[in-house]
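A short worksheet on the structure shown next.
Every value quoted in this text rests on a predicted model; they were computed, and no experiment measured them. Heads up: numbering here begins at 1 and tracks the sequence.
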Amino acid sequence: MVKRAPSRGDLVLACLPDAIAQLGIARGYLLRGRGCGDGIEPVGKRLSALPGDSVEVVPDYIAVNGQRLEHSATLSSDSSGRSVKHVAWGRYTVPTNQVWLFGTQNARSWDSRYFGPVPANSVRAALEPVLTW
């Protein structure tokens with residue numbers, strides 16, 4: 001974690017809202033652990049859309065302010081073959097106090113494509129990778 005306010009494009013540490021986190025635990029997408037008040041480990045995602053940004057969700061990609069995100073096609077099933085619900089196709093304006101989180105390095109990331117925006121105060125800190133591959 002770094003001591004600065006997170007900004008667009010940063011890798012961040014976030015505690016997901018309870019309903020989202022509980023679904024993640026039930027499906028095996030998240031682990032129990034320390035870090036968030038609900039006993040579920042926080043997630044590391046890219047802070048990709050901020051209040052006022054335009055997010056376009058279509059089957060083949062996600063675009064933020066007209067820029068397509070890499071590896072952002074929305075999948076219809078998870079790695080276990082189970083059907084995955086996603087946000088409705090369309091264009092959204094990110095509301096005040098909300099952000100969209102994306103895992104742009106892994107096409108199978110469970111992120112805002114599937115559960116939508118989260119409260120901005122879910123973001124706990126900006127992260128700087130120590131080791132990358």
- request: Could you check L127, L47, V2 and say which one makes a side chain to side chain contact (heavy atoms under 4.5 Å, CB included) with L11?
  value: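 Testing each of L127, L47, V2 against L11, the sole residue satisfying side chain to side chain contact (heavy atoms under 4.5 Å, CB included) is L127.
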Might you point out which heavy atoms bring [X] and [Y] nearest each other, and give the distance in Å?
{"X": "V99", "Y": "L50", "value": "CG1-CD2, 4.0 Å"}
{"X": "L75", "Y": "A107", "value": "CD1-O, 3.5 Å"}
{"X": "G66", "Y": "A63", "value": "C-CB, 4.2 Å"}
{"X": "S48", "Y": "V64", "value": "O-CG1, 3.3 Å"}
{"X": "T93", "Y": "G52", "value": "CG2-O, 4.0 Å"}
{"X": "P6", "Y": "V123", "value": "CG-CG1, 3.8 Å"}

- prompt: For R124, what residues pass the salt bridge (charged side-chain N to carboxylate O under 4.0 Å, His left out) criterion, not counting sequence neighbours?
  reply: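 Salt bridge (charged side-chain N to carboxylate O under 4.0 Å, His left out) list for R124, sorted by chain: empty.
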message: Taking side-chain hydrogen bond (donor to acceptor under 3.5 Å, both in side chains) as the cut-off, I'd like each qualifying pair that reaches into residues 1-21, sequence neighbours left out, listed once.
response: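 Those involving residues 1-21 are R4-D10, S7-D10, R8-D53, D18-Q22.
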field: All pairs passing disulfide bond (SG atoms under 2.5 Å apart) where residues 44-122 contributes a residue, at least two apart
entry: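 Every candidate disulfide bond (SG atoms under 2.5 Å apart) pair involving residues 44-122 fails, so no pair, neighbours aside, qualifies.
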message: I need the full list of disulfide bond (SG atoms under 2.5 Å apart) pairs touching residues 34-75, with sequence neighbours left out, sorted by first then second residue.
response: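 For residues 34-75, and leaving out neighbouring residues, the disulfide bond (SG atoms under 2.5 Å apart) pairs sorted by first residue read C15-C36.
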message: My understanding is that only residues two or more places apart in sequence, or in another chain, count here; which of them pass side-chain contact (heavy atoms from CB on, under 4.5 Å) with S79?
response: R108
- request: Please list, chain by chain and in numerical order, all residues satisfying side-chain contact (heavy atoms from CB on, under 4.5 Å) with S122, sequence neighbours excluded.
  value: P17, V118, P119
- prompt: What is the ring orientation for W110 with Y29, classed by angle as parallel under 30°, tilted 30 to 60°, or perpendicular over 60°?
  reply: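 Ring orientation, 0 to 90° scale: tilted.
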task: Could you state whether V87 and I20 fall into the same hydrophobic cluster, counting links through intermediate Ile, Leu, Val, Met, Phe, Trp or Tyr residues with side-chain heavy atoms under 4.5 angstrom apart?
output: no
- prompt: Honestly curious: do Y61 and V57 fall in one hydrophobic cluster under the side-chain, below-4.5 Å linking rule?
  reply: no
- prompt: F102 and I62: side-chain contact (heavy atoms from CB on, under 4.5 Å), yes or no, with the steps?
  reply: CA-CA 9 Å; F102 292 103; I62 304 296; 3.6 Å; yes
Flag, side chain of [X] to backbone of [Y], donor-acceptor distance under 3.5 Å:
{"X": "Y114", "Y": "S109", "result": "no"}
{"X": "R113", "Y": "A73", "result": "yes"}
{"X": "N65", "Y": "S54", "result": "yes"}
{"X": "S112", "Y": "L101", "result": "yes"}

Separation of [Y] [atom2] from [X] [atom1] (nearest 0.5 Å):
{"X": "L31", "Y": "I25", "atom1": "CG", "atom2": "CD1", "value": "6.5 Å"}
{"X": "L69", "Y": "E56", "atom1": "CG", "atom2": "CD", "value": "11.0 Å"}
{"X": "L16", "Y": "E41", "atom1": "CG", "atom2": "CD", "value": "12.0 Å"}

message: With a 6.0 Å cut-off (strictly less than), is the heavy-atom count around CZ of R91, excluding the residue itself, greater than 12?
response: no
message: One pair to check against side-chain contact (heavy atoms from CB on, under 4.5 Å): V84 and R27. What are the steps and the verdict?
response: CA-CA 10 Å; V84 179; R27 293 201 121 202; 4.0 Å; yes
